[in-house]
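We count ligands from 1, going down the list as the structure has it; atoms in each ligand are counted the same way.
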Amino acid sequence: MVITTMSQIIGSTPVFKFTDRDCPMPLGSVIYAKLEHLNPGGSIKDRLGQYLIEKGIQTGQITDQTTIIEPTAGNTGIALALVALRHGLKTIFVVPKKFSLEKQQIMKALGAVVINTPSEEGIAGAIAKSKELAKNTPHSYLPLQFENPANPEAYYCSLGPEIVQELGTRLSSFVAGIGSGGTFAGTAKYLKEHIPSIRLIGVEPEGSILNGGESHAHEIEGIGVEFIPPFFSDLPIDGFETISDSEGFAYARELARKHGLLVGSSSGAAFVAALREVQRLPEGSLVLTIFPDMADRYLSKGIYQ
Ligand code: PMP
């Protein structure tokens, strides 16, 4: 394959198949994992970066004068920076200090300016700071993934159709992590329209509020919410799985050691949740989950220690 921009290899990621020989699950059941860490920016967010920038250009919200400003835990920043490069756009990302240094360095390597907000203010602090910066920056464009309907739309238009094309309509359940909620909401909406019987299970770390727990800090990066995402209002969600940091990291290590899958802890958490789901379903069930990003951006966080 010969390419001229990295955007050309966003999407069309492979699907990994786990059978009852790989892990404890009912006879003939399968867990499929969409390997989104193999996108060129190392995460699922490449799909969002591409969609937001292309849509912004089409609608005239982005011109060659534009500076893109966004609050991000890192992967959305990497994705936007990667796609912005191709269009010669400037990027500024506001990242709570606690998030991995590797992600912040990758954003900078792609030409972005990174501004840190205090860890204890969480993503809400980064959102407030981004809005303030946008007010004072001429020609700024603030995609605001946490409230922009284009976020779930990006996955409704790319990830959902790919899954149905590759795996057909026999899936029993869709299990995926929730950060902004875009991946889950957009993909779930598409899948539900094509597979009405599919169960929808969201995944959160301990310290996230979807199962009614108290909000507190957690080590699993990229998933977990301090407020209910606005994209879930019409979605018939069947339940949420809450995964501890130690389980998420333990399974991320196991996926590397057993299968060569170098994925982050949100993938470990998604895999634990998919295992719990497949274990409560009858034999021969097919569960789909998503592995959102690469492990190498968490080495300083001790992901393999
Ligand atoms: N896993 C990782 C590592 C992420 O960075 C993100 C995005 N924050 C997610 C999962 C969840 O994706 P979404 O924002 O679409 O809910």
Where ligand 1 meets [X] - atom numbers and elements under 4.0 angstrom, heavy-atom basis:
X	value
D293	3 (C)
I178	16 (O)
P292	1 (N), 2 (C), 10 (C)
G182	15 (O), 16 (O)

Please state whether Y298 comes within less than 4.0 angstrom of ligand 1, counting heavy atoms only. yes
Assess G181 for proximity to ligand 1: is some non-hydrogen atom of it under 4.0 Å away? yes
Among protein heavy atoms, which lies nearest [atom], and at what distance?
atom	result
atom 5 (O) of ligand 1	N75 ND2, 2.9 Å
atom 2 (C) of ligand 1	S266 OG, 3.4 Å
atom 12 (O) of ligand 1	T183 OG1, 3.4 Å
atom 7 (C) of ligand 1	K45 CE, 3.1 Å

Nearest heavy atoms of E102 and Y298, plus distance in Å: OE2-C, 3.9 Å
Does E153 form a side-chain hydrogen bond (donor to acceptor under 3.5 Å, both in side chains) with Y51? I'd like the steps, not just the answer. CA-CA 9 Å; E153 232 169 76; Y51 188 81; 2.7 Å; yes
Describe, in one word, how the ring planes of F18 and F16 are oriented to each other, choosing from parallel (under 30°), tilted (30 to 60°) and perpendicular (over 60°).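 Plane angle between 30° and 60°, so tilted.
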Please work out which of the three classes, parallel, tilted or perpendicular, describes the rings of F184 and F174, given edges at 30° and 60°. parallel
Count I, L, V, M, F, W, Y as connected when their side-chain heavy atoms are under 4.5 Å apart, and connections chain through other members. Are Y32 and F291 then in the same cluster? no
Would you kindly check if the NZ (Lys) or CZ (Arg) of K189 is within the cone defined by 45 degrees around the ring axis of Y156 and under 6.0 Å from the six-membered ring centre?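 Flagged: K189 positioned over aromatic ring of Y156.
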Using heavy-atom distances only, which candidate in S267, G179, G222 approaches atom 8 (N) of ligand 1 most closely? G222
Take Q145 and K45, measure what side-chain hydrogen bond (donor to acceptor under 3.5 Å, both in side chains) needs, and give me the verdict at the end. CA-CA 10 Å; Q145 58 170 325; K45 291 289 188 176; 2.9 Å; yes
Please check if the number of heavy atoms outside L299 that lie under 6.0 Å from its CG is greater than 12. yes
Is the contact between S180 and ligand 1 made by the side chain, the backbone, both, or neither, using heavy atoms and a 4.0 Å cut-off? both
